[in-house]
Amino acid sequence: MVINIAVGITMACSAPQKSADKPATGADSAFSVALLTPGPISDQSWNGGAYDGLLRIRDSLGASVSHIQTKTPAEFEENFRQYGAKGYSLVFGHGFEFQDAAARVGPAFPQTVFITTGGTRTSANVAAMSFAFEQPSYLAGLVAASVSKTGIVGCIGGTELPPVKSGFAAFAAGVHAVNPKARVVTAYLGNWDDAGAGKEQALAQMARGVDVIYQNADAAGLGIFQAAKETAGVYVIGSNSNQNGVAPSVTLGSVMIDLPHAFIAVAREVKAGTFVPRVITLDMKSEVMQWVVNPALLPVIPARTLHMVDSLSRAMRDGTFSLSFPPRPTGNP
Amino acid sequence: MQASRIRWIISAVTVLVIVAAVFAVLLAGGYDSSRALAALWDGAFGSPYAVLSATLVRATPLLFVGLAVGLAFRAGVLNIGAEGQLLAGATVAVTVGLMVGGLPRPLALPLVLIAGAMAGAAWASVAAWLKWKFGVLEVISTLMLNFVASYTVSWAVRGPLQEPTRVYPQTVELAESVRLPALVDGHRLHLGFLLALALAIALWWFLTRTAAGFRVRAVGASASAARSAGGIDASRTAALVFIASGALAGLGGASEATGVTFALYEGISPGYGYSAIAVALLARLHPLAIIGTALLFGALEAGAAAMQRDANVPSVLATVVEALVVLGVLALDRARAPRRSV
């Protein structure tokens, strides 16, 4: 069964692409890759990381690439179809929210591989990536608790999405592993692009005594860094991309998804025709998930914590220490 | 003679200014403007695919809500709440759809659509009641109800309507029997489009050919004159129009949920209810003209997406180009016919 599928995809990929109609688009080169993001690629986070991944595929594999920012489920499907109709080899939908559209469109365009970063739906040419957000989030929790002087740490998310929630749960577990009496204050902004709302929420948390904030709000999160820069003694933990450079003076570290690494690995498989549709689990062991400490702020973090984080991340990379907060999604919605 | 020549000159200048502005915006961003404009056209009309899977699909919800806003404004009811009424319609349509999915399509589908229209009507009637009972301005109440509707959807997809694994903020997908059938095989265009077209024609007929339609227009032209000179119960007429407007928007939501998304999600509407105000006003509230403006907006959105895909123009800049074109059409419309007004 699996072999049949793999062979089918190999054939589809090695078939010569039709390049007659659209010279301006990506579809005329042999290997073309497209990316749909739910937000602006200027967020230096979830969407920016994916766009970096797309450019990496372009540069390393010589693919022609295309990107579009989409808002509604209707647009997800429309653009999947447009790319499929133009004969793209590989199309990424950046988030679990793309999975229904991908599953629906897949059968109509068997020559295209559709991958959603999140979700669990798979079929002959549809696959999903699953990021073990919990692992580095737990490490971030250890650091946050040991740096916090007030014993109150905050989480600020864009909206209440599954990966955000599980990351925050693991973060809280890490916090409590260091300081069982610590309080974790969680808030969601209701959107991913209002930096003003991000800043406002961060200031509100600081007023309640929060002095370390784990943010996962993409473009809106940039306002959280801003608020921390303007307030003495408050630190931020970045997410999705390496955000240590966004505000080096206040960022303790980043819960990073090495999206370029993840993207290029799967693109290589698709290009070589060896890709098998599956849920691709990416964790610290595969080095796609990483906890990246900001070297500029190393002196702020107690040496004991750094040792603990080091040995735990080694164990996570070896696969000898595993975590799951809350149960990972299984089955289709 | 003189006046019409001046108008022609103004029109020509307007077109030139808009084209120049579009080129300037794209050039300033460092993008290939001719390639971007070619993509805009191709994405909207360049292939059967563009027309049948993008432009007309995007025009459908805009047509429903455009008619809703157009009808309300015609009677002087400033319904800014088509967005909320559309969301109410989509939510209830999906809820009912999940319950009656086992029934045969000829029975289940009308049930779902009617439920959606009734939900939109109910949502509008809250504002209509507030206006009638307490004199609350509908501009404010409907706008506020939009936020209530939007957050209610967010809550519902994480609460009572959430899919059974309780992981994703959405409902399960609707059964085949409660999905609007596709009009052309292999394309996304669905029956909702024809329904919206039929409603546009019916609304035009109602407004121009029936006594009730005349009363609606009379109330819209001047409620006090309609009351004193025409003996029309103006507030009753306005309230009925308000509710009918909500039903149209709710039906639009039901059509989008059963024809395009097949489930309820938070981001189901990118602000159709707000775009609809522009759609209706650009058409001077004329139901048949609203078909044209809804198509224009649908085409522009489909084309803007193609600009992103095929010419690397970022989303924000594509939206600027879209807005410039609308501005151009508006200016052209006014320049060609300076005497008429809404």
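Letters A, B, ... are given to chains in the order of the sequence lines, protein chains preceding strands, and every chain is numbered from 1.
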Side chain / backbone / both / neither for A:Phe76 at chain B, heavy atoms under 4.5 Å: neither
Segment of A:Ala108 engaging chain B (4.5 angstrom heavy-atom cut-off): neither
Verdict with reasoning, A:Thr159 to B:Arg158, per side-chain contact (heavy atoms from CB on, under 4.5 Å): CA-CA 11 Å; A:Thr159 59; B:Arg158 292 189 172 79; 4.2 Å; yes
Contact leader toward chain A among [options], where contacts are heavy-atom pairs under 4.5 Å:
options	result
B:Ala302, B:Ala305, B:Ser53, B:Ala263	B:Ala305
B:Gly186, B:Ala318, B:Pro61, B:Ser315	B:Ser315
B:Ser47, B:Ser154, B:Pro270	B:Pro270

For the residue pair [X] and [Y], what are the closest heavy atoms and their distance?
X	Y	value
B:Val260	A:Arg104	O-NH2, 3.9 Å
B:Pro169	A:Leu161	CG-CD2, 3.9 Å
A:Gln82	B:Ala50	NE2-CA, 4.5 Å
A:Thr72	B:Ile268	CG2-O, 4.1 Å
A:Pro162	B:Val167	CG-O, 2.9 Å
B:Arg309	A:Ser66	O-OG, 2.5 Å

Which of A:Glu77, A:His67, A:Lys71, A:Glu160 touches chain B most, by non-hydrogen pairs under 4.5 Å: A:Glu160
Counting only non-hydrogen atoms closer than 4.5 Å, does [X] touch chain A with its backbone (N, CA, C, O), its side chain (CB onward), both, or neither?
X	answer
B:Arg58	side chain
B:Ser269	backbone
B:Phe262	side chain

Criterion side-chain hydrogen bond (donor to acceptor under 3.5 Å, both in side chains) on B:Tyr168 and A:Asp100, from CA distance to verdict: CA-CA 11 Å; B:Tyr168 303 109; A:Asp100 289 353; over 6 Å; no
Flag side-chain contact, heavy atom, 4.5 Å: A:Val105 against B:Arg188: no
Worked check of side-chain hydrogen bond (donor to acceptor under 3.5 Å, both in side chains) between A:Asn79 and B:Gln308: CA-CA 11 Å; A:Asn79 289 292; B:Gln308 283 197 63; over 6 Å; no
B:Glu301 CD to A:Glu75 CD distance, which is reported to the nearest 0.5 Å: 7.5 Å
